[in-house]
Amino acid sequence: PWGLGPGQSSLRFLKARPLACGRAMKGLAVTAALGPKSLIQIIAKHRWSSLRDAVVLTGIMVFAVLVARHYDIFSFFAALADPTRAITPAEAVVLAALFVGCVYAFISRRIYEERCDETYHKQLASEVSELRALAMQDSLTRLPNRRALLAALDTATRNCACENRRHAFFLLDLNHFKSVNDCYGHAAGDNVLKVIVERFRRAARPSYVLARLGGAEFAVLSYAVDRRAAEAIGRRFIAALEHDISCGEHHHSLGVAIGAALMPDDGTTTETLMRQADLAMYRAKKCAQSTVTFFDPKIDTLKVVHSS
């Protein structure tokens with residue numbers, strides 16, 4: 001969502017917005033540092049607030065000049081204390097109008113600043129949400145990445161025992177994808193990956209977590225399924241690559257090796273499920289054709305013992 005190009009993040013607002021606006025006004029030193037040209041540009045950018053402040057200051061100065069013309073400044077307070085001195089109706093009207101204008105300018109200025117602060121906080125929250133989304137997303141395919149998958153797996157393993165339901169976890173590795181990159185370049189490989197992802201999206205259900213782990217490796221987390229349903233899910237992803245992938249003038253025939261592990265039968269932690277599905281996937285890679293292989297504790301455990 002969170003109108004950006006691939007792998008980009010709109011951080012201009014965060015860089016341009018000062019962290020503490022009040023610290024920017026430190027008297028004439030700031031004005032001297034900005035220079036006349038920069039100061040004029042700032043005033044032109046905020047012309048309405050600058051006009052309101054100018055009106056307030058001008059009104060105060062006019063009032064001070066009028067007082068100075070009628071009274072000796074040094075004896076001004078003594079003259080005001082004179083009980084015989086009274087404010088005429090005309091003076092009262094002028095002073096009341098000046099007071100109302102100053103109050104209006106002050107309140108409108110505060111409201112304006114409050115609205116600016118609200119806008120700033122909303123944009124800041126939007127930026128943070130956007131960055132979080134990008135951190136959990138693969139930049140090429142827009143699928144959830146490894147971090148998002150691990151978070152979903154952690155949640156599923158914690159809730160699995162409480163909900164008394166089985167889930168299925170799949171690791172998918174594309175067959176012969178390396179030859180596409182070697183023969184036609186990485187740009188062609190990226191285009192092939194995008195086509196494959198669209199096919200995988202159609203094979204998956206909205207409730208599935210379909211993620212790209214990197215390179216030609218993907219993962220799927222399916223909720224509330226037994227072994228038979230998990231086998232059907234694996235076959236759907238295999239069927240998604242039955243037809244050749246056309247990119248430009250070239251046609252590519254690819255397959256997929258799928259390793260599956262059931263939760264909680266094959267593991268109750270994220271690390272265990274990742275390892276079991278990985279072992280099953282390597283058995284599937286040995287097959288000449290696309291296949292889905294489930295973790296077998298007898299075969300895969302024996303393989304680990306021999307390797308060690």
Side-chain angles (χ1 to χ4, degrees), residues 2 128-174 177 193 196-238 240-241 256-285 290-301 303-304 307:
W2 303 342
V128 172
S129 299
E130 184 177 312
L131 290 174
R132 287 176 178 172
L134 290 175
M136 305 289 279
Q137 190 178 78
D138 178 65
S139 59
L140 176 65
T141 62
R142 296 302 184 189
L143 289 176
N145 58 14
R146 179 182 291 270
R147 181 180 298 179
L149 174 71
L150 293 178
L153 266 177
D154 286 339
T155 302
T157 52
R158 286 196 304 267
N159 297 336
C160 185
C162 300
E163 297 174 352
N164 195 25
R165 293 191 302 176
R166 285 188 174 89
H167 308 312
F169 176 65
F170 304 85
L171 283 179
L172 297 79
D173 191 59
L174 300 178
F177 179 75
L193 278 178
I196 291 174
V197 167
E198 289 304 315
R199 294 189 182 184
F200 281 173
R201 287 183 191 274
R202 291 194 292 268
R205 297 289 185 264
S207 60
Y208 296 177
V209 178
L210 171 62
R212 184 191 178 203
L213 303 183
E217 193 169 346
F218 298 84
V220 178
L221 176 60
S222 179
Y223 299 98
V225 294
D226 55 15
R227 185 184 178 96
R228 173 180 288 183
E231 290 175 351
I233 293 171
R235 287 194 296 269
R236 284 208 307 271
F237 282 94
I238 292 175
L241 298 181
V256 59
I258 304 177
L262 298 177
M263 176 192 327
D265 299 350
D266 298 327
T268 56
T269 64
T270 298
E271 293 78 9
T272 303
L273 286 169
M274 291 282 290
R275 183 175 64 252
Q276 315 297 47
D278 193 55
L279 291 171
M281 185 189 70
Y282 274 102
R283 279 198 292 118
K285 292 285 288 184
S290 298
T291 184
V292 54
T293 303
F294 283 81
F295 172 75
D296 189 329
K298 296 180 180 180
I299 300 176
D300 294 316
T301 303
K303 182 187 301 183
V304 173
S307 299

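Owing to the predicted nature of the structure, the values given are computational and were not obtained by experimental measurement.
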Practice task
Indicate yes or no for a side-chain donor-acceptor contact from Arg146 to the backbone of Asp138 under 3.5 Å, with no hydrogens or angles considered.
Solution key: no

Practice task
State, to 0.1 Å, how close Leu171 and Ala219 come at their nearest heavy-atom pair, and which atoms those are.
Solution key: CD2-CB, 3.9 Å

Practice task
Quick one: pull up OG1 in Thr269 and CZ in Arg275 and give me the separation to the nearest 0.5 Å.
Solution key: 7.0 Å

Problem - For Glu271, salt bridge (Lys or Arg N to Asp or Glu O under 4.0 Å) partners two or more places apart - result: none

Practice task
State the CZ-CG distance between Phe200 and Leu193, to the nearest 0.5 angstrom.
Solution key: 9.5 Å

Exercise for the section: Return yes when atom CZ of Arg201 has more than 12 non-hydrogen atoms of other residues, nucleotides or ligands closer than 6.0 Å, and no otherwise. Expected result: yes

Exercise for the section: Not counting sequence neighbours, which residues clear side chain to side chain contact (heavy atoms under 4.5 Å, CB included) with Thr291? List them please. Expected result: Ala284, Cys287, Thr293

Exercise for the section: Return the set of residues passing salt bridge (Lys or Arg N to Asp or Glu O under 4.0 Å) with Arg166 (not counting sequence neighbours), or none when no residue passes. Expected result: Asp265

Completion exercise
In terms of heavy-atom contacts, Tyr223 and Ala156 come closest through CE2-CB, 4.1 Å

Fill in the blank from the handout: Nearest heavy-atom approach of Ala168 to Ala230 is CB-CB, 3.9 Å

Practice task
Write down the atom of Thr268, the atom of Thr157, and the distance for their closest heavy-atom approach.
Solution key: O-CB, 3.4 Å

Handout entry: More than 12 heavy atoms of other groups within 6.0 Å of Arg199 CZ
Key = yes

Practice task
Working to the nearest 0.5 Å, report the span between CG of Leu153 and OG1 of Thr272.
Solution key: 11.0 Å

Practice task
For Ser222 and Tyr208, indicate whether the former's side chain and the latter's backbone hold a donor-acceptor pair under 3.5 Å.
Solution key: no

Exercise for the section: To the nearest 0.5 angstrom, please state how far the CG atom of Leu149 sits from the CG atom of Asp154. Expected result: 9.5 Å

